[in-house]
Amino acid sequence: MSRHPEVKWAETTDKIFLTVVLADSKETKVNLLPEGVFDFSAKAGPEDHVYELKLELHDKVNVEESKINIGARSIFCIIEKAEPERWDKLIRGGKAPHYVKVDWDKWVDEDDEGNAGAGDMDMGGMGGMDFSSLGGMGGMGGMGGMAGLEGLGGMGGLGGMGGLEGLGGMGGMGGMGGMGGMEDSDDEETANSGDKKDEAVKEEAKAEEQTAPKEDK
């Protein structure tokens, strides 16, 4: 049996700030329709309890301009209204369910909207995503698609670091074996110097023969 997570909301003339309070959510799916229908489902807790939510918002919304961020402790949405006007309530029709509450920390009175910073909230560094970019959010299960980061299997591709073996060219340091070639050149120099010494000895021998007194015949 599914459970309902706590929902907190606040508004300005052109936006709804909606927070689904659910820590460490998994397999999170969210869908927002232009008619103002907000669907949510996720698993959470050590026993992976299923949490579901369907809210019919007071009026139509602009899905393309709306944003969502899935954090460690909550799912925060900035929903752009289709028409800029105060709703004064979140849910269409009667009284809101008991798990829907006003978020006084984000609430901005209409008279205060012109003040600097009032209602000036965005995803900032929260890495918010467009609802529309999530394929109509047919499932933020796409967030489960964060597991799709495994699809980056290229990370496993760091195993491609194993490709450092491809540097087997380091074995190419064996090319330093060419240094052995330097030893060969040393041998050649030694051999050459040896030849020069032999020639010098022969020259000295000739000189001695020429200077030696000739015997009388």
Side-chain angles (χ1 to χ4, degrees), residues 2-45 49-93 95-110 112-113 117-149:
S2 63
R3 306 180 180 189
H4 296 300
E6 180 183 355
V7 177
K8 298 193 295 184
W9 77 284
E11 73 170 329
T12 61
T13 299
D14 55 356
K15 292 180 178 64
I16 290 291
F17 303 116
L18 187 69
T19 304
V20 179
V21 183
L22 188 63
D24 301 322
S25 62
K26 294 178 286 187
E27 298 180 26
T28 306
K29 298 179 182 179
V30 185
N31 191 37
L32 179 65
L33 300 178
E35 293 75 22
V37 178
F38 179 87
D39 279 308
F40 171 88
S41 69
K43 291 181 180 180
H49 289 300
V50 176
Y51 290 81
E52 293 181 323
L53 191 65
K54 182 171 184 176
L55 302 175
E56 293 189 8
L57 306 181
H58 178 66
D59 209 340
K60 295 180 180 180
V61 298
N62 185 336
V63 177
E64 287 74 19
E65 295 298 322
S66 299
K67 308 222 177 254
I68 181 171
N69 173 266
I70 298 181
R73 304 197 63 78
S74 64
I75 294 85
F76 178 55
C77 308
I78 297 179
I79 300 174
E80 196 80 16
K81 297 176 181 177
E83 297 294 334
E85 61 181 4
R86 300 288 291 202
W87 288 1
D88 296 325
K89 61 179 181 178
L90 180 66
I91 304 300
R92 188 179 309 165
K95 185 179 179 181
H98 67 89
Y99 50 82
V100 176
K101 303 175 182 179
V102 173
D103 189 347
W104 295 113
D105 290 335
K106 294 184 178 66
W107 190 268
V108 180
D109 289 329
E110 188 172 4
D112 295 332
E113 283 191 44
D120 186 20
M121 280 176 277
D122 56 29
M123 292 299 176
M126 295 170 65
M129 296 172 287
D130 295 337
F131 276 91
S132 56
S133 69
L134 296 165
M137 294 293 288
M140 265 289 299
M143 279 306 287
M146 284 295 283
L149 279 175

Is any side-chain heavy atom of [Y] closer than 4.5 Å to one of [X]?
{"X": "L22", "Y": "F40", "value": "yes"}
{"X": "T19", "Y": "W9", "value": "no"}
{"X": "L90", "Y": "L57", "value": "yes"}
{"X": "I91", "Y": "P97", "value": "yes"}
{"X": "H58", "Y": "I16", "value": "no"}
{"X": "F38", "Y": "C77", "value": "yes"}

Just by modelled atom types, is the [Y] backbone N or O under 3.5 Å from a matching donor or acceptor in the [X] side chain?
{"X": "S41", "Y": "E52", "value": "no"}
{"X": "E110", "Y": "R86", "value": "no"}
{"X": "K81", "Y": "T12", "value": "yes"}
{"X": "E80", "Y": "E64", "value": "no"}

### Query
Does atom NZ of K26 have more than 12 heavy-atom neighbours from other groups under 6.0 Å away?
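Atom NZ in K26 is crowded, with more than 12 foreign heavy atoms closer than 6.0 Å.
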### Query
Should we count NZ of K89 as having more than 12 external heavy atoms under 6.0 Å?
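It does: K89 NZ has more than 12 such atoms within range.
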Quick one: pull up [atom1] in [X] and [atom2] in [Y] and give me the separation to the nearest 0.5 Å.
{"X": "K67", "Y": "E65", "atom1": "NZ", "atom2": "CD", "value": "7.0 Å"}
{"X": "R92", "Y": "L55", "atom1": "CZ", "atom2": "CG", "value": "11.0 Å"}
{"X": "D14", "Y": "E83", "atom1": "CG", "atom2": "CD", "value": "11.5 Å"}

### Partner of W107 under side chain to side chain donor-acceptor pair (under 3.5 Å), chosen from D109, D105, D103
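Answer to the side chain to side chain donor-acceptor pair (under 3.5 Å) test with W107 among D109, D105, D103: D109.
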